Peer 1: 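Sending over a structure as structure tokens; questions will come in a sec.
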Amino acid sequence: MSRAPTTLARAFSARRNESYRHCLKEDRKAAKPLCPDTVTSSFDAALQQDENDTSTPTESTISRSDTAGSEEVIDAAYNDKEYEKQKERTSNPSPQFSRNETEEKITTLKGHVRRISDKDGENKVDAELKQSDAGRIELKTKDAVSSFSKDDSAARRRRTRTNIPKRKEFHDLVFEPRMTALDRTNPKSAESPFLGFYSLFWLSLALLVVKTLAQNYHITGHFLGSQLHATFTQDIFAVFWVDLLMVASSSFCLVLHKLVQYGLVDWDREGWIVQHVWQTIYLFGAIGVTWARDWPWIQTVFLVLHALVMLMKQYSYSTHNGYLSSVLKHKQAQEAELRVLREGTGARRGSADSGVEINTPAQQNGDGNTSQEEQHEQELELLADIEGCEEELTGPVYGKIKYPANVTLPNFLDYLLVPSLVYEIEYPRTERIRWPYVLEKSAATFGCFFLMVMISEHYVLPVIPPADMPVQDKLANLPWVLLDIIFPFITLYLLTFYLIFECVLNVFAELSCMADRYFYSTWWNSVSWDEFARDWNKPVHNFLLRHVYHSSISNMKLSKKRATLLTFFLSSCIHELVMACITRKIRFYLLGFQMLQLPLITMSRSRWFREWKVAGNVFFWFGLFTGPSFLCLLYVLL
Amino acid sequence: MSSSQLLALPNTEAVRRHRAISTPSRPSQDIVPTLKAIREENHGLESIEKPIPTATRPRRESKHLFHRLDFEYRLTAFDPHNTERSKTSFKGFFILFWLGLSLLVLTTLLRNLKETGRIFGTSVATLFIHNVQEVAMTDAAMILSTFYVIPIQVACSKGWINWNGMGRVLHYSLQWAWFGACMVVASVRDWSWTAIAFFTLHSIVMLMKIHSYGSYNGHLSVIRKQLNALKKAETVENEGLHAAKKEILTLELTSTLGHVTYPANLKNPVWNYVDYLLVPTLCYHIEYPRTPHGIRWGYVAEKALATFGTIFLLAITVEHHIMPILTQASKDLAEEPSALTSGLIFAEALSALLWPYMLVFLLVFYIIFECILNVFAEVTCFADRLFYDDWWNCANWESFARMWNKPVHHWLLRHVYMPCRPRLSRGGATMMTFFISAVLHELVMGMITRKVRGYGFFCQMLQVPFMAIQRSKFMRDKELLGNVLFWLSMITGLSGMTYIKEFTLVDLSLFTH
């Protein structure tokens, strides 16, 4: 890593930055680098990627992009050759730098520019190559470094990366316009030859509702059961106000980062401690409220899950902004240093912000002395460093917002609405809100909810034995009850999934104009449990990947395997916490079952399972069929 | 979704070879007018064919006098060997379906064990086993008796009898007498309704087969005679026309693949006929595309296993999820309640039967079209496995009728619709086809219930106005709505219709063996 002599005497923060940078880097590896044509192209990626996902199930990070590969190749090539050349030039001065080589250089640069403009399609970089009389080659762009127009952001990124080989490599986990696989309006899914069975599934469920209603009317004289309805409405206003308070109080992070921005709080020193203390209070406050008010399980599960979501959001927001504040500081320090350096050399050029220049100083002064050369190299490095920081501080999609400008209330509120648990300065957006779509998905939400209530009320609750039954009877009954509830339970499971990931998240995405709807992958084709864990809940998966997995690797210096284990364990603990809140019992059944997945995952990696994928899928579905219902019974009965 | 997209061509090499063979055998465009003339001459009627607007797909002008099917190298959609299918990203749900079904059967069996002390119920097994030997013997005799068609065709090809005179009369009179005899046997014997259904359906299949065999071979014998007459003709008025006619007639005698010419298929008539009986198609052609890889016995075993497994699932479903409801309903109805109460009993039983019937329908479909037909196809190396199209996506009844049972659809197209075509308009020919199909369905239902009620016939003819609605402007571009409505009518119609039938069954106390 080529680094200018740093004045940052904060070893700790440097390490933290380093680790966070590492996380981002890993995340970015996992995602496609963004160029404008991927922004404009819609929906295509989702299914394609699904296939890629399933084809490489054993990799812990999903390597899914061909373009990433190709681009890296280009960059690598460019880096190796050009950077070496440049270094060569800067280190040994001009004499042997012939005319031929200059021309070669021009052609390569031209090629590079063409490549950029080709890739960008209509967003052409207004660049020109000149060979000045002095033999200096300049690549001038119209836009200065400090101006961030959407058009050239990608090109600029690439250009800067060519100058600075390693440090600027990191790309973030990139959000891009995608659609969910089960969305009716997804053209890729509409192509599936088995679409008709999707209609059959929903129609059967609808008919089931009709039948159940009629039967209920026949028996009780009412269409709807009243048991669950009473549970829902209990204390519902209190839930609403608590929830509102919870959401509102999450703006604590915003305040904290405003303070960081004004320099009143240093994120790396005390800011992050304050944040963690706040989060602990937040989580246990929410749980405490549910226990204190003695809410029924539906209210509890809603509030606890929402609290966890808000917690993850806040954590991501704070960590990301904190990191950016460090970068900003670093950048300011570097700029100061540059100023000092330039004043020392008598200000050969104008301010650093005025433009990018690739200089071949070799021929500038025929008798260039060593100290000047060294100074020049230093300056170049500083410039590169600053530019890298600039890039880091800028929104990754459109490049319109730069770091301190994003710490605003509207941005924060928008982030709360956006269905993502990972904070970014910018997300890809759709052009407008399609209200019919919102309406459709809302209707689907309520319909789904109604279905779930109906199924639980008529097919699950009547079967579960009363709590006052002796334990021995309960145990004797367990297998039969299990047989009774596996079908309603798998239906409930599928409906819950559909409700959250297809309906609710899509409504929020549409309302906040979020274009990236990759909320789940094709988990139904999973052949192993780790694949399922990665695929079925992408927002949480992304969060865990960035903020737990990668940060544990770099912060705690864990091996990949251990980081996976840690992530898994943390996720299991959170699950157990939710179960404990729901059932008011601490039993660790779920934790045990989740830990049981580890040997199963090892098993699924065995040769037999790898070769016979269908068996893996059957095994997976069998687990999904029996696991949740069995767990539920355990918690309820014992 | 076109079938070619859905059903992959597994062996491109074989396909290419097949195409290479089949293409040159197609006649050149310039003989089409002559073809038309001969066709008119043969039918003795003016062709009333109008140019058809080719907005959706260009209709290919048939180059043959007798309608031919284009057999290709294809696989069924649910076949795990189908590479296109395994690319769909929803295949996990297919697994879910089978796993769910297996678990359903498992839980049913366990509950049965808990309640009765036995794992299996017996009523369905009794149905299957009852008189099974007699049924098998009768079935074998039925198949053997169809061999009467061979001597007639051999005689026609040798010129001993004329198809247009003696041959046709002999073939068809024997055919209908044979079919009548089969029906009489099925209805007088003391068989369970499953046996009757099997025997009736098998008889209808054989009827279609021998009809196709007789009419096609007879047609070819006539064509051969015409060709021979042309060749012998000494004075020729129009040289060009004469040559064109000769070309067309020769072409007619040759198979699409181009390896076999008419009388050659009757060189070893018995072997050819046995092969035709085994091949999973109802349309006789003198040559079919065959798989290049021979019989894969692993595949046969897999499909055979699937057949028995699915039949087992089916039997359990019927035993535990259909019969109890029916018995209960008939018990309730036996108390002769008021009209309103009996209506309620009907409605309740109906709503309880919706899912089991749908499931039974899907399973029966799977058994017949995915398992059994594939076994026969593999054993005979038959390469064209388009036994069904993606009917589950269809938005109207018309396409469903076309898609879900390709062999019968092809037969109706070739032996009912096309022969009707010169005499009737398109709509008329469609109606005629529909009518014949409805009559056959009603025949099966009538044989099973031993009563002629006409409910099924009525319901099927009811589809005609439905089709008109589905074709209307409002419905035409609403595919999703159409699909949902299709499934809705499928589920309710199926159970509703069968339900009526089952009540007649209950009257016959066929379930209380």
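Being a predicted model, the structure only gives us computed values, none of them experimental. Below, read A as the first sequence line, B as the second, and so on, with proteins coming before strands; counting in each chain starts at 1.
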Peer 1: Out of curiosity, A/Leu207 CG to B/Met358 CE, how far, rounded to the nearest 0.5 Å?
Peer 2: 10.5 Å
Peer 1: Can you tell me which portion of B/Leu362 sits under 4.5 Å from chain A's heavy atoms? Options are side chain, backbone, both or neither.
Peer 2: side chain
Peer 1: Measure A/Leu200 against the heavy atoms of chain B and call it side chain, backbone, both or neither at under 4.5 Å.
Peer 2: both
Peer 1: Hey, what do you get for CG (B/Leu103) to CD1 (A/Ile486), rounding to the nearest 0.5 Å?
Peer 2: 4.5 Å
Peer 1: Checking side-chain contact (heavy atoms from CB on, under 4.5 Å) between B/Ile95 and each of A/Trp621, A/Phe620, A/Phe619, which is the one that passes?
Peer 2: A/Trp621
Peer 1: For a quick test of your reading: what N or O donor-acceptor pairs under 3.5 Å do the side chains of residues 487-500 of chain A make, sequence neighbours left out?
Peer 2:
| residue | atom | partner | partner atom | Å |
| --- | --- | --- | --- | --- |
| A/Thr491 | OG1 | A/Phe487 | O | 2.7 |
| A/Thr496 | OG1 | A/Leu492 | O | 2.5 |

Peer 1: Between CG of B/Asn393 and OH of A/Tyr198, what distance do you get to the nearest 0.5 Å?
Peer 2: 13.5 Å
Peer 1: Indicate the ring-plane relationship of A/Trp523 and B/Phe93, choosing parallel, tilted or perpendicular according to the 30° and 60° boundaries.
Peer 2: perpendicular
Peer 1: How long is the straight-line distance from CZ of B/Phe486 back to CG of A/Leu203, given to the nearest 0.5 Å?
Peer 2: 11.0 Å
Peer 1: Tabulate, in ascending numerical order, the residues of residues 622-632 of chain A having at least one heavy atom closer than 4.5 Å to a heavy atom of chain B, or enter 'none'.
Peer 2: A/Phe622, A/Phe625
Peer 1: What is the minimum heavy-atom distance between A/Ser199 and B/Val484, and which atoms define it?
Peer 2: CB-CG2, 4.3 Å
Peer 1: State, to 0.1 Å, how close B/Trp355 and A/Lys211 come at their nearest heavy-atom pair, and which atoms those are.
Peer 2: CZ3-CD, 3.3 Å
Peer 1: Rounded at 0.5 Å granularity, tell me how far OG in B/Ser351 sits from CG in A/Leu208.
Peer 2: 10.0 Å
Peer 1: Rounded to the nearest 0.5 Å, how far apart are CH2 of B/Trp487 and CZ of A/Phe201?
Peer 2: 13.5 Å
